[in-house]
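Only one structure is covered here, and it is reproduced in the block below.
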2 protein chains.
Amino acid sequence: MAQPGRPRSEQARRTILAAAAKLVARNGYGELTMEGIATEAGVSKQTIYRWWSTKAEVVLEAVNEGAAEMAAVPDSGSLADDLRLFLRRTVDATTPVNRRLLASLMAAAQLDDQFAKSFRTGFLASRRRELRGMLARAQERGEIAASVDLDQLVEVVYALLWYRILVQHGPLDRRFGRQVADSVLRLSRAA
Amino acid sequence: MAQPGRPRSEQARRTILAAAAKLVARNGYGELTMEGIATEAGVSKQTIYRWWSTKAEVVLEAVNEGAAEMAAVPDSGSLADDLRLFLRRTVDATTPVNRRLLASLMAAAQLDDQFAKSFRTGFLASRRRELRGMLARAQERGEIAASVDLDQLVEVVYALLWYRILVQHGPLDRRFGRQVADSVLRLSRAA
DNA sequence: AATATAACAGGACGGGCCGTCCCGTAATAT
DNA sequence: ATATTACGGGACGGCCCGTCCTGTTATATT
C-alpha cells in the first residue's frame with residue numbers, strides 16, 4: 001500500500017495546528033515561535049520542521065483546516081441575494097480569532113517573498129475565483145451589464161474585507177457585510 | 001535655551017532613517033534588524049534605542065520623512081478633478097520602494113499591538129481625514145447628496161489602495177488610480 | 001518472525017539578534 | 001571650569017533559530 005516505515009501521525013499534525021492557532025490567539029503572531037508551538041503541542045521541533053518550513057506555513061494550514069466549512073458560495077439565481085448571503089457568511093466566519101489568524105498571514109506575506117507567492121496564488125486567488133464565479137453567473141443572467149469588469153467588483157469586496165481585517169477601525173459585523181454588498185451592487189449597476 | 005548637554009545629532013538621525021529605508025528596499029522588512037541599521041548607518045545601537053524603541057518606529061519615521069512632499073489634497077471646486085488628481089499623485093508617490101515601506105508598516109502593525117495603535121491613530125487616520133475633507137467640501141457644494149456616507153467613500157479609496165499595496169496582484173499605476181477614482185465617483189452619485 | 005524503513009520525542013549544538021549596560025569621548029548650557 | 005547629555009564602540013546574558021544525533025515506535029516487506 002503506502003511506503004514502508006512509520007506513518008505520519010495525524011494526531012501530531014492536528015495538535016500542532018491547534019497549538020499554533022491557540023498561541024496566535026493568545027499572544028499574537030509576533031510572539032509565535034516554532035519552539036513555542038512544539039512545547040505547547042508536546043512535540044519535537046523536528047516533527048514540525050519535517051512537514052512545514054516556516055511558522056507562516058503552519059498558520060496557513062491551520063486557517064485552511066478551520067475553514068473547511070468556509071463560506072460556500074450561494075447560487076439562488078438572484079445576485080443581490082447571493083452577494084448579501086455570501087458576505088453575511090463571510091463576516092460570521094470571521095471571528096476575532098480567525099481575524100487575527102488572517103491578519104497574521106497577510107503580515108507574514110509582507111515579510112517573506114516566498115510565502116507571499118504561495119499565499120497569493122493559493123489562498124487569496126481561490127477565494128477570488130469563487131466570488132468571481134458567482135458574479136459571472138449573474139452576468140450571464142443579464143443582472144450585470146456585459147461592459148462591467150467583474151475583476152474590479154471582486155477587488156472591491158476583498159479590498160474592503162481585508163482593510164477592515166487589518167486596520168480594525170470598525171467591527172466586522174453583519175452591518176458591515178451589508179454595506180459592502182450594497183456598494184458592490186451599486187457598482188454592478190452603474191455603467 | 002535648550003537643556004544642557006550635547007544636543008541630538010541631526011545627521012545621525014537622518015543617516016539612521018536612510019539606512020533603514022535602504023535595507024528594507026534591499027532585503028525586505030523581514031530581514032531588517034536593529035544591528036543591521038546601526039552597522040549600515042555607522043552608528044551605535046544605543047543611539048538608535050535612545051530615540052526609537054522598535055524597528056517599526058524607525059521605518060514609520062522614515063516614511064513620514066520621505067512623505068513630506070506627500071500628495072497634498074487638491075481643491076479645484078470639482079470633485080471629479082480633485083479625486084482624479086489626488087489618486088494620480090498618490091499612485092505616482094507610491095514607488096516600489098515606498099510600496100515596500102508601507103507594506104512593512106502594515107505588517108508591523110499586525111505583529112505589535114502597541115505599534116498598531118499609533119499607526120492607526122496617527123498615520124492612517126490623518127490620511128483619511130485629508131481625503132474626507134475633500135469629500136466634505138464637495139458635499140457642501142452639492143456634488144454629493146447629503147445622504148451619502150463620506151466615511152464609506154473614504155474607506156473604498158484606502159481599502160483599494162492598501163489591498164493593491166499588500167497583495168500586489170496588479171500594478172499601482174495611473175490606470176489603477178483612474179479606476180479607483182471612477183468607482184468612488186459612481187458610488188458618490190448613487191443613492 | 002525477522003528485517004528495512006521512516007516518523008517520533010528528547011535533547012544538544014553553534015549562530016544571530018535581542019535589549020541593556022559600561023566605557024571613554026565630544027558637544028553643549030551654566 | 002563644571003554639569004549634563006549624546007555619541008561610537010564594544011561586551012554581556014538570553015531567546016530563538018535551524019540542524020543534527022540518539023534511542024524508540026509503528027508500519028510494510030520478506
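Below, chains carry the letters A, B, ... as their sequence lines are ordered, and counting in each starts from 1. All values reported here derive from a predicted model rather than from experimental measurement. Just so you know, these numbers use all the heavy atoms, side chains as well, and skip hydrogens, waters and symmetry mates.
- When the P atom of dC7(D) is taken as reference, atom CZ of Arg13(B) falls 12 Å away, rounded to whole Å.
- In terms of phosphate contacts, Trp51(B) brings a side-chain nitrogen or oxygen within less than 4.0 Å of OP1 or OP2 of dC7(D).
- Figure legend: Arg8(B) and Trp52(B) shown as a cation-pi pair, the cationic atom lying under 6.0 angstrom from the six-membered ring centre and within 45 degrees of its axis.
- Rounding to whole angstrom units, CD of residue Glu10(B) and P of dA27(C) are separated by 17 Å.
- The cationic group of Arg13(A) does not satisfy the cation-pi geometry with Trp51(A), failing either the under 6.0 Å distance to the six-membered ring centre or the 45° limit from the ring axis.
- Put simply, the side chain of Gln46(B) and the base of dC7(D) share no donor and acceptor less than 3.5 Å apart.
- Counting non-hydrogen atoms under 4.0 angstrom, Gly36(A) reaches nothing in the nucleic acid.
- Checking dC8(C), dT5(C), dT28(C) against the side-chain heavy atoms of Ser9(A) singles out dC8(C) as nearest.
- Nearer the 5' end of DNA chain C, as judged by each residue's closest nucleotide, is the contact made by Val43(A), out of Thr33(B) and Val43(A).
- The distance between atom OH of Tyr49(A) and atom C1' of dG10(C), rounded to the nearest whole Å, is 16 Å.
- Between Arg50(A) and the phosphate of dC8(C), there is a side-chain N or O to OP1/OP2 separation shorter than 4.0 Å.
- Of the residues near DNA chain C, Arg6(B) and Glu31(B), the one whose nearest nucleotide (by heavy atom distance) lies more toward the 5' end is Glu31(B).
- A close approach under 4.0 Å does occur between a side-chain nitrogen or oxygen of Thr47(A) and OP1 or OP2 of dA9(C).
- If you measure from atom CD1 of Ile48(B) to atom P of dG9(D), you get 12 Å, rounded to the nearest angstrom.
- Each of Ala41(B) and Gly5(B) was matched to the nucleotide of DNA chain D holding its nearest heavy atom; the match closer to the 5' end belongs to Gly5(B).
- Not a single donor-acceptor pair, N or O on each side, falls under 3.5 Å between the base of dG10(C) and the side chain of Lys45(A).
- Computed from coordinates, the Trp52(A) CH2 to dG18(D) C1' distance equals 17 Å when rounded to whole Å.
- The distance from atom CD of Gln11(B) to atom P of dA26(C) is 16 Å, rounded to the nearest whole Å.
- Geometrically, Arg164(B) engages Phe176(B) in a cation-pi contact, judged by NZ or CZ lying under 6.0 Å from the ring centre and within 45° of the ring axis.
- Cation-pi geometry between Arg89(A) and Phe86(A) is not met: the NZ or CZ atom fails to fall both under 6.0 Å from the ring centre and inside 45° of the normal.
- Between Ile37(A) atom CD1 and dC16(D) atom C1' there is a gap of 12 Å when expressed in whole angstrom units.
- Atom OG of Ser188(B) and atom CG of Leu135(B) lie 8.0 Å apart (nearest 0.5 Å).
- Across the protein-nucleic acid pair, Glu35(A) atom CD and dC17(D) atom P stand 6 Å apart, rounded to whole Å.
- Considering only the side chain of Ser44(B), dG8(D) comes nearest among dG8(D), dT5(C), dC17(D).
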